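Notes follow once the structure below has been shown.
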Amino acid sequence: MSRAFTDSTPAAAGRVDLVGAGPGDPGLLTLDAAAALRDAEVLLHDRLIPEAILAMASPQAERCYVGKARSNHSLRQEELNALMIERAREGRYVVRLKGGDPYVFGRGGEEAAALAAAGIPVRVIPGISAAGGCAAFAGIPLTHRDHAHRCQFVTAHRRNGSTELDWEALAAPRQTVVIYMGLNPLAEICAGLVAAGAPATRPAAIIEHGTRPGQRVVAGTLGDLPGRTAALALESPSLLIVGDVVGERARLTGDASGAPAMDLGAVDGIHG
């Protein structure tokens, strides 16, 4: 049994783990997450979980796809909450498997609150966040004493579908800004930051399929990154990183071109 539950939890009691699967590389899965997958009786998984991770679950587990793509959700959040509660009330061990970390733009807080309100025991098994994992595999340190004294994580996609960001706060110097779901509004974000006072020369990079085979990293500046990516047909999941730390990538990986780097972990030997 996963160590997320104590020995005092009745064996027949329905319960739920909210499990972070990390950004995609199976090697970044935690030991507790692997144990939860092995023991799960019901597995509810997101769209971006690699098959190599899903294959770690028991073949006897009921597997349910509950993923969300842009403007295309397999289940509304309320329906997903109800499904978790229903399966747990059947006395089953439910694993809700999420990409990254459940509490970093993963709706884990909403799901945990719904389960707690229904009287369902719930625990969270953290995962390596997309920000931490993708930045590391791309050769970009999120903090650096010479460049960034703070790091902000924001999402470009709000509940109502709009891009509402605090441009002035994000344009401030000596910080790193990590923007989740920043691919589609990339040009809008770069223009908004420049309009708020960030120099057009501030380094920025977008990471497609971070930590996975075929990872691509496109580095540039706020002024030229939209143009650099225009013809590349980048796909989600993609992560946008803005700040002087992006400039360290050339020194750490030996790639100063800004051209797309394929599968950087293997090519540059950072994570062989």
Side-chain angles (χ1 to χ4, degrees), residues 22-25 27-28 100 128-154 156 165 167 170-272:
D25 186 321
L28 300 180
I128 292 176
S129 69
C134 295
F137 270 58
I140 300 172
L142 289 180
T143 63
H144 191 292
R145 289 191 297 173
D146 293 337
H147 304 302
H149 60 78
R150 67 178 178 178
C151 181
Q152 295 196 59
F153 295 172
V154 298
L165 299 176
W167 298 111
L170 299 180
R174 295 191 58 78
Q175 67 173 341
T176 304
V177 178
V178 181
I179 302 177
Y180 286 67
M181 292 177 279
L183 176 60
N184 286 292
L186 175 61
E188 177 187 353
I189 291 169
C190 292
L193 290 171
V194 172
T201 55
R202 180 167 293 172
I206 195 155
I207 306 166
E208 176 196 50
H209 299 307
T211 81
R212 302 163 186 251
Q215 169 183 295
R216 290 195 289 181
V217 182
V218 185
T221 66
L222 291 176
D224 68 15
L225 188 60
R228 285 177 178 265
T229 62
L232 296 178
L234 298 180
E235 302 175 342
S236 295
S238 292
L239 194 75
L240 175 62
I241 302 179
V242 179
D244 289 341
V245 293
V246 174
E248 289 292 304
R249 178 177 179 273
R251 186 163 66 89
L252 296 175
T253 68
D255 178 10
S257 67
M262 301 294 292
D263 193 11
L264 184 67
V267 173
D268 293 327
I270 295 176
H271 295 274

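Quick caveat, the model's predicted, so the values are computed rather than measured. Heads up: numbering here begins at 1 and tracks the sequence.
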Given L225 and L240, is the side-chain contact (heavy atoms from CB on, under 4.5 Å) satisfied, shown in steps? CA-CA 10 Å; L225 188 60; L240 175 62; 3.7 Å; yes
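- Side-chain N or O atoms of R249 include one that pairs as donor or acceptor with a backbone N or O of A138 at under 3.5 Å.
- Using a distance-only test at 3.5 Å, with no hydrogens or angles considered, no donor-acceptor pair links the side chain of T176 to the main chain of C151.
- Within the model, atoms NE2 of H144 and CG of L142 stand 12.0 Å from one another, a figure rounded to the nearest 0.5 Å.
- Put simply, the side chain of R174 never gets that close to the backbone of D244: no donor and acceptor are under 3.5 Å apart.
- Contact record, G139 with T253: CA-CG2, 4.0 Å, taken as the closest heavy-atom pair.
- Taking the side chain as every heavy atom from C-beta outward, P185 and I179 never approach each other to under 4.5 Å.
- Counting only heavy atoms from C-beta outward, the side chains of W167 and V194 never approach each other to under 4.5 Å.
- Between P199 and L222, every side-chain heavy-atom pair lies at or beyond the 4.5 Å cut-off.
- L170 has its side chain within reach of L193: a pair of non-hydrogen atoms, C-beta onward, lies under 4.5 Å apart.
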Worked verdict on Y180 versus V154 for side-chain contact (heavy atoms from CB on, under 4.5 Å): CA-CA 6 Å; Y180 286 67; V154 298; over 6 Å; no
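- Note that CE of M181 and OG of S238 are 12.0 Å apart. Values are rounded to the nearest 0.5 Å.
- With values rounded to the nearest 0.5 angstrom, I206 atom CD1 is found 6.5 Å from T229 atom OG1.
- Across all their heavy atoms, V245 and A148 have their closest contact at CG1-CB, 4.0 Å.
- A distance of 13.0 Å separates CD1 in I207 from CZ in R212, rounded to the nearest 0.5 Å.
- Between the CG atom of L183 and the CD atom of E208 there is a distance of 8.0 Å, given to the nearest 0.5 Å.
- In this structure, the side chains of D25 and F137 come closer than 4.5 Å at one or more pairs of heavy atoms.
- Contact detail for V246 and A205: the closest heavy-atom pair is CG1-CB, 3.7 Å.
- Although no hydrogens or angles enter the test, the distance criterion places no donor-acceptor pair under 3.5 Å between the side chain of Q175 and the main chain of R150.
- Note: L252 CG to I140 CD1 = 9.5 Å, rounded to the nearest 0.5 Å.
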Test side-chain contact (heavy atoms from CB on, under 4.5 Å) applied to L232 and R216, step by step: CA-CA 10 Å; L232 296 178; R216 290 195 289 181; 4.2 Å; yes
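- Minimum interatomic distance between P23 and A130 (heavy atoms only, all atoms of both residues): CB-CA, 4.1 Å.
- Taking both residues in full, the closest heavy atoms of V178 and A131 are given as CG1-CB, 3.8 Å, listed atom of the first, atom of the second, then distance.
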